[in-house]
Amino acid sequence: MEKIVEIDGKDVRFRATAAVPRLYRIKFGRDIIQDLAVLKKSYQKVSESNGTEFTAFDLTVFENCAYIMAKHGDPDGVPSDIVEWMDEFQTFSIYAVLPEILELWGLNEQVMVESKKKLGQVSGS
């Protein structure tokens with residue numbers, strides 16, 4: 001699944017496939033599925049209350065997820081260093097970009113679940 005999101009006037013192609021968890025684990029040594037689950041809860045909490053803000057951990061996870069999905073979407077156009085990539089933008093709003101990433105990841109998860117169901121039907125499970 002791919003999605004183009006405008007960040008600071010620049011179109012950024014994000015890509016979410018089954019390879020993303022592995023790429024994230026190799027680059028950051030963490031589990032993207034668990035990290036996105038925590039980030040989604042934080043986003044819901046921030047959206048529902050006026051006083052709640054994202055933690056430093058939330059921001060780091062967000063930046064890491066955005067970077068991996070952007071690098072996967074444009075391997076040659078996105079630098080190998082996350083700081084170098086983020087330095088391309090004057091602003092990088094978690095409030096604008098995170099919903100797009102969560103939506104893209106959700107669509108990717110739906111596709112993977114459907115595939116598993118079809119595989120079970122083919123294998124007779």
Discussion item. Rounded to the nearest 0.5 Å, what separates atom CG in Leu98 from atom CD in Glu63?
Written reply: 11.5 Å

Discussion item. So which atom in Ile94 and which in Pro99 form the shortest heavy-atom distance, rounded to 0.1 Å?
Written reply: O-CD, 3.8 Å

Worksheet, complete the sentence: Residues passing the side-chain contact (heavy atoms from CB on, under 4.5 Å) test with Gln44, sequence neighbours excluded, are Lys40, Glu48

Worksheet entry | With Glu103 via salt bridge (Lys or Arg N to Asp or Glu O under 4.0 Å) - residues at least two apart | Lys3

Worksheet item: What closest approach, in Å, do Val20 and Arg15 show between heavy atoms, and which atom pair accounts for it?
Response: CG2-O, 3.6 Å

Worksheet entry | Listed partners of Arg22 passing side chain to side chain donor-acceptor pair (under 3.5 Å), at least two apart | none

Response to the item:
CG of Leu39 to OG1 of Thr55, rounded to nearest 0.5 Å, is 8.5 Å

Item to complete: With sequence neighbours excluded, give me every side-chain hydrogen bond (donor to acceptor under 3.5 Å, both in side chains) pair touching residues 66-79.
Response: Thr17-His72

Fill in: Ser49: side chain to side chain donor-acceptor pair (under 3.5 Å) partners, not counting sequence neighbours
Thr52

Worksheet item: Among pairs that include at least one residue of residues 4-14, which meet salt bridge (charged side-chain N to carboxylate O under 4.0 Å, His left out), considering only residues two or more places apart or in two chains?
Response: Glu2-Arg13, Lys10-Glu88

Worksheet item: Residues two or more places apart in sequence or in another chain: which of them pass salt bridge (Lys or Arg N to Asp or Glu O under 4.0 Å) with Asp58?
Response: none

Worksheet item: Taking a hydrophobic cluster as the set of Ile, Leu, Val, Met, Phe, Trp and Tyr residues connected by side-chain heavy atoms closer than 4.5 Å, whether directly or through intermediates, do Trp105 and Ile26 fall within one such cluster?
Response: no

Worksheet item: Among pairs that include at least one residue of residues 33-52, which meet ring pair (Phe, Tyr, Trp, His ring centres under 6.0 Å), considering only residues two or more places apart or in two chains?
Response: none

Discussion item. Between Val12 and Ile4, is there a side-chain heavy-atom distance shorter than 4.5 Å?
Written reply: no

Fill in: Validation row, ring centre Tyr95 to ring centre Phe54 under 6.0 Å
yes

Response to the item:
Contacts of Asp87 meeting side-chain contact (heavy atoms from CB on, under 4.5 Å) (sequence neighbours excluded), chain-then-number -> none

Discussion item. When you compare the side chain of Cys65 with that of Leu36, does any pair of heavy atoms fall below 4.5 Å?
Written reply: yes

Worksheet item: Which heavy-atom pair separates Ile33 from Asp31 by the least distance, and what is that distance?
Response: N-OD1, 2.8 Å

Worksheet entry | Set of residues satisfying salt bridge (Lys or Arg N to Asp or Glu O under 4.0 Å) with respect to Arg25, sequence neighbours excluded | none

Discussion item. Run the ring-ring contact (aromatic ring centres under 6.0 Å, His included) test against Phe89 and tell me which residues pass, sequence neighbours left out.
Written reply: Trp85, Phe92

Worksheet item: Taking side chain as C-beta onward, heavy atoms only, is Val5 less than 4.5 Å from Ile7?
Response: yes

Discussion item. Working to the nearest 0.5 angstrom, can you tell me the gap between Asn64 CG and Met69 CE?
Written reply: 11.5 Å

Discussion item. Nearest 0.5 Å, please: how far is CD1 in Ile82 from CD1 in Ile68?
Written reply: 7.5 Å

Worksheet item: Does Tyr24 have any ring-ring contact (aromatic ring centres under 6.0 Å, His included) partners at least two apart in sequence or in another chain, and if so, which?
Response: Phe28

